[in-house]
Each structure stands twice: as structure tokens, then as C-alpha cells.
Protein chains: 2
Amino acid sequence: MTAAGPDETGRGRSPRVVDAIRDAVTGGEFAPNQRMVEAELSERYGVNRASVRDALLELASEGLVERIPNRGARVREVSLAEAVEITEVRMALEGLCAAKAAERATEEDRVALRGIAASMRDAVAAGDMFGYSDLNKRLHELVMTISGQATARTVLARLRGQNVRRQFRLAMHPGRPAVSLPEHLAIVDAVCAADPVAAEAAMRAHLRSVVDALPEVEKSHPRRFDAL
Amino acid sequence: MTAAGPDETGRGRSPRVVDAIRDAVTGGEFAPNQRMVEAELSERYGVNRASVRDALLELASEGLVERIPNRGARVREVSLAEAVEITEVRMALEGLCAAKAAERATEEDRVALRGIAASMRDAVAAGDMFGYSDLNKRLHELVMTISGQATARTVLARLRGQNVRRQFRLAMHPGRPAVSLPEHLAIVDAVCAADPVAAEAAMRAHLRSVVDALPEVEKSHPRRFDAL
DNA sequence: GAGGACAGGATTGTCGACGATCTCGGGTGG
DNA sequence: CCACCCGAGATCGTCGACAATCCTGTCCTC
């Protein structure tokens, strides 16, 4: 058994194709609902069609692409309703992780958490949206790491991939940091205070506010034409 | 949004091989840590090795088998610690579903829930462990269905596959129904009373008791020799 | 002109074979 | 006697080709 824990679902394989396509999808190089023809991807990435096929299988199980039996794969369109569902699942799971993290955090963990909190304050003060978005991700990941919940971590990693773009747009939404910063600070405070109940409540409150904000950013950000 | 919900992660493909192997694994035809050589499975199920390969990829992403890059796949051994983690995740997620179900349940749903509750009482009174185990599964699934949370449902379905056998052993544990029956009835009552807070609390209390019971059944049930 | 059948093209699903990588055993030198 | 090297065996990863399936546009019939 390794030291860190088995969060990598042992799939090994050739990591390059599946990761390349995953990055392309999450990075927005493929539009939602765009067809992903195996032969095209095969040529684009310079690998065999079977490898592309395996990669698409993997991405389908991650929920990033959608496969229809004899009709091929396409980028999965995550509707607003699904984004809300996913965030509600995050609420439940990250709430659990926050509680566990409050129970298990070492002094070293607390230092790291407070460091992120301080950086967040600075980023918001400096108007550094991009930096704040990155810190946001790091904070949530650190809480999961401290919690030691490998299962929840794996599930959450999978779900996060499905709406990274929406999360990013939310982070860039004007006025959003003013709301989320105190929520993040409350999470850090509760975990550092070793108060599981408060930590879970703070995390759930934060993600509840994300749920409430999702329709807002949806309205202001015009949808790409997603006909058919 | 569709009516029933898109819980089938669009993987399509040839369902037969992957389902056959999945059933074999969850049914205990393969011992934990047993090697699963692609060529052997290929012959056993009368399909090509590539199909077996795809199936193993799928099962690896479901957490049922473990794949090591150039060394093949084997049945994943779910440790007690992992089973606890999985149940804790279920606690968080099914708690969410119970709350949502309490908000959304129709009169028809309530009738179905009370029907299961009554059948559970009868099964326990008659000492029908097997029937009770089946009703247990149906109750949890019905709550998920009523909740309308397709995302949580998909995640939970995946997790359940990883410790069906342990769940079954737990249900068969002597004295267990006496503990779990009132918990199940409390869940049904709270959902039927349209009380989300109580429903979530009841579900979480139930799965907390499952977490607490896991080490017990582990002790009384001798582990199969899992060397190496 | 409308509806249905049919052929054409495109795409996926399946197959057998080749090459790459890893593990395990025997042999050799210190 | 132990450590290292190396070849054999086994298994996985990759490849190109064939067959099955599905969608699209066209043609025929009413």
C-alpha cells in the first residue's frame, strides 16, 4: 500500500490520450453537443482509433461525454438543472469532508488553511479574480485532503470535471467574491477551531450560496447556441 | 429536463460482457484480489479480448476491479476502512436524497413507501431475512427515485456495487433487523410527513448505525484468506 | 405533392496479430 | 553465499482491417 492513499482509480493505461481529450473538453476546445468522431480524434492526437475509443469510454464514465450505442460520442451538455444537482451533491459530500477535516486537522494543516485564507483576502482586495479562482480550488481540495476521505475525494473530482467551466464563470462573476470570501473564511475558521458541526454548516452554507448564484450567472452569460 | 432522469451514463456499447463480468464480480464468482487475465475472460465469455478490455476499463472506473498499467486487472479488495468511507458518503448523499424526497413526495409515493414499511415489518416478524434485505434495497432506491436527484443516484449506484456483499452479510447478521427496522420506519415516517429535516436526520442516523455495525459483522464473519 | 422503400455514405463495433513492457527464473562473478 | 545480469515467458498496449449498424438523400408509387 502506498503512503498517500488510493485515490487514483487504478486504470493506468496510456495517460496521454485520455488526459489530452479531457483537457480539451474541460478547456472548451470542443463545444457542448459537438460530435466527437473517433477517426478525427485518432488523427488529431496521432494515436490509434482503439486508444481514442478507450479514452472516450473513460470520459463517458466520468460524465464528460455522452455515448450513444451505434451513433458515437458527443460533448455532454450540462444543463442548469444538472449543475444545481451536482452542486447539491458537492454540498453533501464536501460538508462531510469539512466535518472530518475539522476532526483531523493538524497544526500544520491549520497553518496551510490560514495561509490560503490570507491569500484569498489579498487576491480579492487586489481584484485578482483569476488568483482567487485558483485559491478557491486549492481550498476545497485541501479540505478534502485533510479529511482523509479518499472515496468522497474521488467522487468529487469526477463531478468537478463536469462543470469546471460553469464554476469558472461563477468565480468571474462581478460581485461574487464579496459573497464567497466571508464564506470561505468561515470554513477555514471552523476547521481550524476543530468544530466539525460548524465546519459542515459553513461548507454547506457556502455551497448553498453557489446553488443560489448559479441561475444568476446563467442569465448574465448568454448561452452558446445549443440547438438540437 | 426529462421525466425520469438521465441516470444511465451514456456508455451504451455492448452491454452483455461488462454486465456479465460485473455480475460475476459482485456475485462472488471471483475472489477478491484474484487476477483477471484478459485472455481467460475472453475465452470464458466467448468475445474478443478488446471487448473484455473495454469491460475491465469500465469496471475499473466503477471501482470494482483494480488495474495496474502493464500488469493486468484484479478484483479490488474493499477494506473495512473503505467500506466505512463508502457508507459515510452514502450517509451524506442519501441524507440529501431523503430531504429532497420529503419535499417532493406525492401521495402515490407515500403509499408506496408505507407499503414497503409494512412489508418490512412482516418480513422481520416472519424472520424472512432475505426478503428484508431485498426490501431494504428497494426502500433506499425508492427514496432516491422520489428525490429526483439523478446525479446522486448515479454516484450511489456506483458505490453500492463496491460493497454489495458486505451489505448482504450485514443484513444477514443476527439481531441486525431489530436495530434497522425502526430506523427504516422512521425514515418512511419523516418522508411521508414531508419533513425534510427529520428525513435527512433519520437517514443519517440509519447509516450511522450501519457504519457502527460494520466492524461487528467483520469480526464475526471470518475473512477469506486474502494473502498478497 | 406526400409517404414510404431503398441505396449510398459514414461511423461505430469487433476481430486477429504484432510490438512493448513487466515479472520470474537461471546463471555468473565477486 | 550473496548480488547482479540476462534471457524466457507471460501479459498488456497498439495497430490496421472487416463487418454491423445507423443516418441521409433520392427515387418510386399512389
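Chain naming here is simple, since letters A, B, ... match the order of the sequence lines and numbering starts at 1 in each. Quick caveat: nothing in here was measured; it's all calculated off a predicted structure.
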Quiz item: Out of A:Arg35, A:Met36, A:Arg74, which one pairs with A:Phe30 under the side-chain contact (heavy atoms from CB on, under 4.5 Å) rule?
Solution: A:Met36
Quiz prompt | SB check B:Arg44 B:Glu40 (cutoff 4.0 Å) | solution = no
Quiz item: Is a salt bridge present between A:Glu141 and A:Lys137, judged by a nitrogen-to-oxygen distance below 4.0 Å?
Solution: no
Quiz item: Could you give the CG-to-P distance, from A:Leu56 to C:dT11, as a whole number of Å?
Solution: 14 Å
Quiz item: If you round to the nearest 0.5 Å, how far is CE of A:Met203 from CG of A:Leu139?
Solution: 6.5 Å
Exercise. Mind checking the CG-CD spacing from B:Leu159 to B:Glu85? Nearest 0.5 Å is all I need.
Key: 10.5 Å
Quiz item: Nearest to the side chain of A:Arg53 - D:dT14, C:dT12, C:dC15?
Solution: C:dT12
Quiz prompt | Length of the line joining A:Leu57:CG and C:dG13:C1', which is rounded to integer Å | solution = 11 Å
Quiz item: Tell me, which of residues 35-44 of chain B have any heavy atom that sits under 4.0 Å from an atom in DNA chain D?
Solution: B:Arg35, B:Met36, B:Val37, B:Glu38
Quiz item: Considering only side-chain heavy atoms of A:Ser51, which listed nucleotide, D:dC15, D:dG13, C:dC15, is closest?
Solution: D:dC15
Quiz item: Rounding to a whole Å, what distance do you find between A:Tyr45:OH and D:dT14:P?
Solution: 16 Å
Quiz item: Rounded to the nearest 0.5 Å, what separation is found between the OG atom of A:Ser51 and the CD1 atom of A:Ile21?
Solution: 9.5 Å
Quiz item: Do A:Arg110 and A:Glu107 meet the salt-bridge criterion of a basic N to acidic O distance under 4.0 Å?
Solution: yes
Quiz item: Which nucleotide in the list D:dC12, C:dT14, D:dC15 gets nearest to the side chain of B:Asn48?
Solution: C:dT14
Practice problem: Round to the nearest Å and state the distance from B:Arg49 atom CZ to C:dG13 atom C1'. | Solution: 17 Å
Quiz item: More 5' along DNA chain D: A:Val47 or B:Gly72, using each one's nearest nucleotide?
Solution: B:Gly72
Tabulate protein N/O versus nucleotide N/O from nucleotides 20-24 of chain C, keeping only pairs under 3.5 Å, one per line.
residue, atom, partner, partner atom, Å
C:dT21, O3', B:Asn70, ND2, 3.4

Quiz item: Are B:Arg67 and A:Glu58 close enough for a salt bridge, meaning some N to O gap below 4.0 Å?
Solution: no
Quiz item: If you measure from the Lys or Arg side-chain nitrogens to the Asp or Glu carboxylate oxygens, is any gap between A:Asp109 and A:Arg104 under 4.0 Å?
Solution: no
